[in-house]
Protein chains: 2
Amino acid sequence: MARTATASDRTPRDTIVRVATELFGRNSYPGTSMRDIASEVGILAGSLYAHIDGKENLLLEIIEHGIEEFVEEVTVAFEGAGSASERLRAMILAHVRIVAKQPRRTQIVFHQWRYLGAENQRRVRKRRAAYEALFTRLLEEGVADGSFAADIDVRVTVLSILGSLNWTPEWLSSDGPIPVEELSDRLSDALMKGVLGR
Amino acid sequence: MARTATASDRTPRDTIVRVATELFGRNSYPGTSMRDIASEVGILAGSLYAHIDGKENLLLEIIEHGIEEFVEEVTVAFEGAGSASERLRAMILAHVRIVAKQPRRTQIVFHQWRYLGAENQRRVRKRRAAYEALFTRLLEEGVADGSFAADIDVRVTVLSILGSLNWTPEWLSSDGPIPVEELSDRLSDALMKGVLGR
DNA sequence: CCTACCGATCGGTAGG
DNA sequence: CCTACCGATCGGTAGG
């Protein structure tokens with residue numbers, strides 16, 4: 001089962017984090033043992049602790065780095081030029097790009113923060129709220145400038161959009177090699193026009 | 001920690017299933033031990049096996065019963081009278097009603113089938129596909145009769161709708177006592193009209 | 001990074 | 001439904 005480090009692994013620690021991401025994403029955090037990770041890395045379980053602090057900190061690091069990538073990339077799209085519609089499309093594209101690049105990590109980021117302790121959950125929740133706020137602000141701006149319908153329920157719409165986006169890792173990877181841009185366009189159409197069309 | 005059986009528990013087995021649903025939903029399947037369940041029921045771990053076969057079968061039963069409720073209720077809405085739009089609204093309402101009634105179980109049904117063995121996963125996947133097919137057929141009918149826009153991507157739209165619906169347990173329970181009908185209406189608006197409005 | 005091990009906990013069972 | 005227990009596995013550590 002043991003694999004060699006890949007090109008992106010600059011240190012043994014990188015290898016451990018990459019393998020843990022794969023296994024947590026595939027079998028969940030409690031469904032993955034430190035021995036599973038070690039055997040995939042090609043070392044013994046005890047040896048992991050020369051590189052990392054413990055299992056929960058490994059999960060925390062994966063989630064926090066993951067969430068920062070979403071916040072950073074989507075913030076760029078949020079702050080970009082164009083109409084509210086164009087910026088929302090860009091935000092959806094940025095999100096889908098990250099999902100397509102790292103479906104396992106996305107799974108962990110949006111579904112497995114529950115396994116963190118109370119204090120770490122609090123930290124993650126704050127960052128997730130900041131991510132959600134990007135979409136809330138975009139919708140509010142779009143309503144204010146007339147790009148979006150005045151009678152939309154911003155909160156429910158944001159949660160609907162995030163629900164759709166957070167569900168994509170469930171089917172994106174098993175859907176074969178659909179071009180990300182095309183898929184993102186269709187998802188944007190579904191979320192922006194609904195079933196009734198524009 | 002032990003509680004007495006509630007009114008709906010006709011047998012000790014019912015109590016076990018109800019408690020397991022609560023705990024699997026709150027702490028996940030691998031995050032819940034048979035001892036956790038037993039102590040909440042008020043018996044010892046070994047005694048559980050006088051009533052049930054094993055841990056995985058407990059999970060399977062919860063998921064299968066849960067998914068059947070979704071299929072049954074949403075099928076009624078699918079087969080109801082009215083336009084495609086009205087029927088889709090009724091399907092969304094049926095779904096949201098079940099989520100509101102049993103958020104923990106919904107969590108398990110849509111997120112924790114991964115913890116089943118290969119053969120049980122296959123069975124569950126088939127039923128989930130049948131559920132998804134209800135929405136696919138409804139959208140196809142709506143496109144055919146002109147209720148919905150001709151250029152929607154049915155597959156992506158279905159997955160977007162299911163994503164939004166499957167995400168609701170994440171926020172529905174923590175959102176206080178919003179009337180289910182109202183919330184379902186707003187969600188229907190978001191999914192059917194998008195942000196652009198009708 | 002290995003050897004060797006810790007105490008705790010896991011799902012489950014035999015016999016009553 | 002309890003007593004008493006099984007072998008396996010868990011996250012993690014000491015010492016090298």
Side-chain angles (χ1 to χ4, degrees), chain A residues 1-6 9-24 26-63 108 112 114-121, chain B residues 1-6 9-24 26-63 108 112 114-121:
Chain A
M1 298 299 134
R3 298 185 199 157
T4 50
T6 65
D9 296 334
R10 299 216 160 64
T11 65
R13 197 171 189 289
D14 291 340
T15 308
I16 292 167
V17 173
R18 179 178 51 78
V19 166
T21 302
E22 174 68 21
L23 295 180
F24 289 168
R26 197 194 307 158
N27 305 320
S28 91
Y29 176 75
T32 302
S33 72
M34 296 305 274
R35 283 160 178 81
D36 292 335
I37 298 171
S39 101
E40 185 75 17
V41 170
I43 61 178
L44 293 182
S47 306
L48 290 171
Y49 293 86
H51 304 286
I52 56 148
D53 289 344
K55 195 185 181 189
E56 180 171 338
N57 282 331
L58 200 48
L59 177 63
L60 179 65
E61 177 175 331
I62 292 166
I63 292 178
I108 300 168
Q112 300 195 28
R114 294 165 204 284
Y115 301 118
L116 294 170
E119 168 59 16
N120 285 332
Q121 276 197 30
Chain B
M1 299 302 129
R3 296 187 200 156
T4 51
T6 64
D9 296 335
R10 298 213 161 68
T11 65
R13 197 170 190 291
D14 291 340
T15 309
I16 292 167
V17 173
R18 180 178 50 79
V19 166
T21 302
E22 174 68 22
L23 294 180
F24 289 168
R26 199 194 307 158
N27 305 321
S28 89
Y29 177 75
T32 302
S33 72
M34 296 305 274
R35 282 157 180 83
D36 292 336
I37 297 171
S39 102
E40 185 75 15
V41 170
I43 60 179
L44 293 182
S47 306
L48 290 171
Y49 294 85
H51 304 286
I52 55 148
D53 289 345
K55 196 185 181 189
E56 182 172 337
N57 282 332
L58 201 47
L59 177 63
L60 179 64
E61 177 176 332
I62 293 167
I63 291 179
I108 300 167
Q112 299 195 29
R114 295 165 204 283
Y115 301 118
L116 295 170
E119 167 58 15
N120 286 332
Q121 276 197 31

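Predicted model, so just to flag it, every value in this text is computed and none were measured. Values below: every heavy atom of this structure, side chains too, minus hydrogens, waters and symmetry copies. Residue numbers start from 1 in every chain, and the chains themselves are labelled A, B, ... in the order their sequence lines are given, proteins ahead of strands.
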Whole-Å distance between [N] [atom2] and [X] [atom1]?
X     : N      : atom1 : atom2 : result
B:N57 : C:dG11 : CG    : C1'   : 13 Å
B:D53 : C:dT13 : CG    : P     : 9 Å
B:K55 : C:dC10 : NZ    : C1'   : 8 Å
A:Y49 : D:dC10 : OH    : P     : 11 Å
B:L58 : C:dG12 : CG    : C1'   : 14 Å
B:M34 : C:dG11 : CE    : C1'   : 7 Å
A:D36 : D:dG11 : CG    : C1'   : 12 Å
B:E56 : C:dC10 : CD    : P     : 18 Å

Next on the checklist: If the cut-off is 4.0 Å, is B:S33 near the phosphate of C:dT9, judged by side-chain N/O to OP1 or OP2?
Outcome noted: no
How far apart are the closest heavy atoms of [X] and [Y], and which atoms are they?
X      : Y      : answer
B:L58  : B:I52  : CD2-CD1, 3.9 Å
A:Y29  : A:Q112 : N-OE1, 2.9 Å
B:I108 : B:I63  : CG2-CG1, 3.8 Å

Checklist outcome for this item: Contacts of A:R13 meeting side chain to side chain donor-acceptor pair (under 3.5 Å) (sequence neighbours excluded), chain-then-number -> A:E61
Are the side chains of [X] and [Y] in touch, meaning some heavy atoms are under 4.5 Å apart?
X      : Y     : answer
A:Y115 : A:K55 : no
B:L60  : B:N57 : yes
B:P30  : A:S28 : yes
B:V17  : B:D14 : no

Checklist outcome for this item: When the rotation axes relating C1' atoms of four end pairs to the next four are compared across the helix from C:dC1-D:dG16 to C:dG16-D:dC1, five pairs an end, they differ to 10° by 0°
Checklist entry - CG of B:L23 to CZ of B:R18: how many Å apart, nearest 0.5 Å? => result 10.0 Å
Every protein N/O within reach of nucleotides 1-5 of chain C N/O, cut-off under 3.5 Å:
from, atom 1, to, atom 2, distance (Å)
C:dC1, OP2, A:H51, NE2, 2.7
C:dC2, OP2, A:L44, N, 2.9
C:dC2, OP2, A:S47, OG, 2.8

